[in-house]
Amino acid sequence: MAGAIAGAEAILDCARIYVAAGCVVAALFLVFGVGRVCDEARGSWLFRLVILPGVVGLWPVVLYRWLQLELKGGRP
């Protein structure tokens, strides 16, 4: 029983770390990156609120694509 609780706590800890990292990436991306990726998103704060949950959940993909774009120096 104690092993199951420890396993569940470990899973929850991993989920918390994943979501915390997602929140950091989302904050940075929504403030600095989304306008570089999509011209139509500039000045649209409602759009940023709509995509916030997706960016938090898919932060590894968003970060990878954003870094590729920044290193390439072009448009997607």
Side-chain angles (χ1 to χ4, degrees):
M1 182 72 152
I5 292 174
E9 287 177 351
I11 291 172
L12 287 175
D13 288 341
C14 290
R16 286 184 190 111
I17 292 169
Y18 185 88
V19 171
C23 289
V24 170
V25 170
L28 293 172
F29 179 72
L30 294 178
V31 171
F32 300 111
V34 75
R36 293 169 157 274
V37 173
C38 180
D39 288 332
E40 291 81 12
R42 290 187 180 162
S44 176
W45 292 99
L46 184 59
F47 172 72
R48 294 169 195 229
L49 287 176
V50 170
I51 67 169
L52 176 65
V55 174
V56 170
L58 297 172
W59 71 266
V61 176
V62 171
L63 184 61
Y64 177 74
R65 296 290 304 264
W66 185 24
L67 288 175
Q68 275 188 331
L69 177 70
E70 290 296 324
L71 294 175
K72 193 175 9 171
R75 305 299 301 171

Side chain to side chain donor-acceptor pair (under 3.5 Å) partners of Tyr64, counting only residues at least two apart: Gln68

ILVMFWY network linking Leu67 to Val62, side-chain heavy atoms under 4.5 angstrom: yes

Under the ring pair (Phe, Tyr, Trp, His ring centres under 6.0 Å) test, residues paired with Phe47 that sit two or more places apart: none

Pairs touching residues 22-33 that satisfy side chain to side chain donor-acceptor pair (under 3.5 Å), sequence neighbours left out: none

Side chain to side chain donor-acceptor pair (under 3.5 Å) pairs, two or more places apart, involving residues 44-55: none

Interatomic distance, Ile17 atom CD1 to Leu12 atom CG [nearest 0.5 angstrom]: 11.0 Å

Pairwise distance CZ(Arg65) to CG(Leu58) - rounded to 0.5 angstrom: 12.0 Å

Could you pull out every donor-acceptor pair under 3.5 Å between side chains of residues 19-34 and any protein atom, sequence neighbours left out?
none

Summary of salt bridge (Lys or Arg N to Asp or Glu O under 4.0 Å) pairs that have at least one residue in residues 5-14, sequence neighbours excluded: Asp13-Arg16

Sequence neighbours excluded, every pair satisfying salt bridge (Lys or Arg N to Asp or Glu O under 4.0 Å) that has a member inside residues 18-33: none

Any donor-acceptor pair under 3.5 Å from Trp59 side chain to Tyr18 backbone: yes

